[in-house]
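Every chain is numbered from 1 and lettered A, B, ... according to where its sequence line falls, protein lines coming before strand lines. What's counted below: heavy atoms across the whole structure, side chains too, no hydrogens, waters or symmetry copies.
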Amino acid sequence: MSIGSFSFDVTASGQFPYIIAAILVAFGLYALLFKRNLIKMVIGITLIETGVNLFLVMVGYRSGGAAPIYTYANPGQGMVLPTPQALTLTSIVIGLATTALLLSFAIFVHRHYGTLDVRKIKELRG
Amino acid sequence: MGGISTGFGVWNPIAWTLLFIGILIIGLFVRSRGNKSYKRGTDQTQPFLSGNREPENPEALHVRGANLYWGMVHGLSGYYKRVRESHTGILNDYVAWFIGALGLVFVILFWIG
Amino acid sequence: MNKVLRVVAFLFVSAFLILAATSMRDFGVPNDATMDQYFIDNTQAEVGANNVVTAVVFDYRGFDTLGEATVLFTAVIAVLTLFRKRKEDEMFEGEVR
Amino acid sequence: MNDRGMSVIVRTVTRFVYGLIIVFGFYVIMHGHLTPGGGFQGGAIVASAFALLLVSFGAAGIKGKLNKKLLQSLEEIGALAFLGLAFAGLGTAFFYNLLAHGGGFFGAAVPAGPNPGILNAGGLVPLMNWAVGLKVMTGIASIVIVMLIGARKEETE
Amino acid sequence: MNTLAMHAPVLLVAVPLLGAFAVPLIGKLGRGVRDIFIGLIVAATAALAGLLAAHYFGGAGVPQLYVLGGANGFAIPLPSGLSVPIRILFEVDGMSAFMGLITALVTLTGAYFSFCYWRERSGGNMYYSLLLLLTAGIFGMELTGDMFNFFVFLEITSIAACGLIGFRVWLKKSQEAGFKVMALYTLSGLFVLLAIALLYGQHGALNMAFIASQIGTFGVSIVDKIALGLLLTGLAMKAGAVPMHMWAPDAYGEAPAPTSAILVANSQASLYGLFRVLFTIFGVGASIATNAWILIVLAVLTIFVGVTMALVQNDLKRLIAFGAVSQIGYMLLGVGVGLVRRASILAGGGSLVDSANALDYGFVAMQGGIFHMLNDAACVGLLFLASGAVIRASGTRDLNKMGGLAHHMKWTTIFFVIGAVALAGVPPFNGFASKLLIYQSAFKVSPFLSIIAILSSIMLLAVFVKAFQGAFMGSKTGLPEAGEARPGMLIPMAVLALVVIVFGLFPGFFIDTIVTPAAKALWLGRDAYIGAVLGGG
């Protein structure tokens, strides 16, 4: 089955999954551009991050492949590419780190300014 | 060893410095030949503030840094108004500039070549 | 930047992201899997681990993992820095609030 | 949720569960080179157990149970251990897996193809799993504790 | 090729990491022990950078590889019968070694300055740990030959930089700057990661040389182009190019003075990444000229807006920060002009080697831009250190509240003047040497560029006259309690001032020894860079 020219067949061809990731990234950009709350902007950043990680792990999919772990693999079955999974693990941990730092910065900004509204946090301008 | 030759000329700091020192020496020599007739401590060596007396508080004479170039900033006020307004401390605007530049780069890369 | 330009930029960037997604190769058929096939084939012989992903993470791309651990360490240090106890008398050198 | 933590049900269930979570996290770390998982994942699981303690007993309830200074020192030790394991192979190259197929410690040869897996294999990989696991569990735990206490101060101020 | 020089690239990253991991434990032994330890670590790092540079610039000039975890030795990045490097490679060419020198210089002076600057502060262990982590990240960005590894080090620098920016938690502005800069850094890092994912999806590898050869073989596809746009914008943003520069003054201005200089080195490292992407990975194909003109437009905007904004600042560090932003534009201008000329030579079928030997204006422009990186690091570092001393002595950052400091701190005044005059490009200091190369060769592309550059340079001098007038001139009674900076703070400044003067008096020597190999590595080193990994070439 297909919408427009994009086929739904997840096991085989088509770019539909990539488009999902791109749309996730676009949602994150929307939150960063139009939301006025610091926490919502952090959520937007995490959305972009999720989209990128999703894209990264989807790039490594090989149709009909199993997880690249020989302990559970059944003989003769192909395996998906292991590198993108490693990269995704790395970028997930990096995302955790950045989110933690951003949120603690948000705590301190709120402690100093008494608000989380971006439009009121503009001491540094000009 | 000191100099560099651009494709257009030569820049040699050592020679420049020697020349500078030479001109300095000549200038000091000319100055030393100058008129010695004025006396220290008299009005001849007092600062002349367009006829006003020198204020006791020397702080009053110090031109603060922010007061420099007010004329130039005033002359460029149109430009400065626009540029300083673009530096709103709002994070959304910063992200917007970033995204706008990204879109512009995409457009240039795909339409021009 | 005013709202209209913002919306335009957002739409442009989203459109180009969609363009990138649609002009990717098909889902599930990698262009060039030489490196990953090498990992899958030689992990048990070279590293001796059954989990290829862990072998990649800790052996073939171990330096990335060091950097990743460093990122986590950095974040921990930074957060502890922000929430540290500090002396009361260290307000000096023009640190106007 | 107040400083005393959450309701008695949650606290009782936590008492039962958090040990099991920690044991499972250690299992994931230990079998990182055989089964899905590894140092990061297992460390995150153990840290989640600490976080569970934190939310159910509150910041005051865990006073004395989780020592922040000890956690930070353990994290630095884990990071140093990881770096040291990376330095260990410097005779050949940085990050050279010098224990793999050494025959001895973690050096057993594994048969090719799908197999149940040998725990005593993988060279430096299991050791790095342990180092990273220690580092991640303590790091995330200290982040959570510090941020919770800071946010609590935020509320009281 | 002795062992230490062989291991130098990875040790440059590993030694600061070791220091950073160990500092919180060693700090428990007391401040003196910790400072000695950090001094040793930083000195060892600088020595390694010098060794690497000496080994490269003294050697044949071929890119030097380091295979991380390579079981089969260093020289063989590829397993037998395979065309893809499977492990992470460090690849050191002239540009990397040059950037390593810059980072080592700035880090050395910044760290030793901090020993006195941060004496009675809390959280010293964390401060030095973050500083060493930032250093390690910058070195990793400059030395790695692997895309994803580059991203990881980019994130390390981002987080460490933001931890340092928000270090003075009692300042509301520093927290605000920390949040903004962290958000923008994370965004740029995510764009870079997305670009890496696109490139991996297209080419199935992460090694820069392999991706470059693939693009050279199959041409630039649509996905590659989008990846190029993402990389270009993200890295230009992290380098602080207008119009993505708004974070830079906040960051440089709010960070502690010694680390502001290291943040400038961080921006230069992402600038290096930008050049690597534009010259090596996307160094062939139809779109080089377009990339080059994008660079030049960014450069002109950066130069002009940076200087004009610096003119109206009343905060000393913010003023210097805008000056530093404008200097990034000069590097972009020089290298952009070089890229334009390189594109035309490639299109005309000319020989890059001959043009480099014949001092073609494009090559001269790249020499100027790359030499200006070093000069900018030295001058801006000197200015930031001097501003830290001034702020510490005067107790304020507002130029309207300062005054008369020249009576109290003579040496700091001299160092500040040297840095300011050199950065503004007044002969015979080093800024003039590099800017002269940029002016003359940019004139060949368009006189407009040279005029903008020269005008902005003059305005920069005016900016520093304002800073000097505000801070140092005036009567003695302005700030009577201010005293001269401690010797521990004066000596790093003196080192940087010495570097400025020496580079200004003997520019030819340094251009011949270190700048020309670095420029050649970008100008014609693409094939060597690829061939060192994939063989042939």
* Is it the side chain or the backbone of E:Phe148 that comes within 4.5 Å of chain A heavy atoms, both, or neither? -> side chain
* Assess whether atom CZ of A:Phe27 is packed by more than 12 heavy atoms of other residues, nucleotides or ligands within 6.0 Å. => no
* Under 4.5 Å heavy-atom distance to chain A, tell me which part of E:Leu206 shows up: side chain, backbone, both or neither. => side chain
* **Per-residue contact mode, A:Leu38 against chain E (heavy atom under 4.5 angstrom)** => both
* Asked: Which one, A:Val25, A:Val52, A:Asn53, leads in non-hydrogen pairs under 4.5 Å with chain E?
  -> A:Val52
* Asked: Between A:Pro84, A:Ser91, A:Ser104, A:Ala97, which has the largest tally of heavy atom pairs under 4.5 Å with chain E?
  -> A:Pro84
* To do: Answer with side chain, backbone, both or neither: which region of A:Val42 has an atom nearer than 4.5 Å to a non-hydrogen atom of chain E?
  => side chain
* Can you list the steps and then say if E:Leu399 with E:Leu319 is a side chain to side chain contact (heavy atoms under 4.5 Å, CB included)? -> CA-CA 10 Å; E:Leu399 282 174; E:Leu319 182 140; 4.0 Å; yes
* Using a strict 4.0 Å threshold on nitrogen-to-oxygen distance, state whether E:Lys180 and E:Glu254 make a salt bridge. => no
* Interface moiety of E:Glu176 toward chain A, non-hydrogen atoms closer than 4.5 Å -> both
* Structure fact -> Comparing A:Val118, A:Val59, A:Thr98, A:Thr90 against chain E, the one with the most heavy-atom pairs below 4.5 Å turns out to be A:Thr98
* To do: Kindly indicate, with the supporting measurements, whether the criterion side chain to side chain contact (heavy atoms under 4.5 Å, CB included) is fulfilled by A:Leu32 and A:Ile48.
  => CA-CA 10 Å; A:Leu32 271 177; A:Ile48 299 181; 3.8 Å; yes
* **Which of A:Leu81, A:Thr83, A:Leu56, A:Leu87 touches chain E most, by non-hydrogen pairs under 4.5 Å** => A:Leu87
* E:Leu193 portion near chain A, given a 4.5 angstrom heavy-atom threshold -> both
* Within a strict 4.5 Å, meaning less than it, do heavy atoms of the E:Leu89 and E:Asn207 side chains meet? -> yes
* Asked: Taking the six-membered ring of E:Tyr252, is the NZ or CZ of E:Lys317 close enough (under 6.0 Å from the centre) and on axis enough (within 45°)?
  -> no
* Asked: Under a 4.0 Å N-O cut-off, is there an ion pair linking A:Asp117 with A:Arg36?
  -> no
* Cationic N near anionic O, under 4.0 Å, E:Lys173 to E:Asp250 -> no
* Non-hydrogen atoms of chain A under 4.5 Å away: do they reach the side chain of E:Tyr185, the backbone, both or neither? -> neither
* Asked: Checking heavy atoms, do the side chain of E:Met309, its backbone, both or neither come under 4.5 Å from chain A?
  -> side chain
* Check whether A:Leu101 gets within reach of chain E through its side chain, its backbone, both or neither, counting any heavy atom under 4.5 Å. => side chain
* Lys/Arg N to Asp/Glu carboxylate O, E:Lys401 vs E:Asp398, below 4.0 Å -> yes
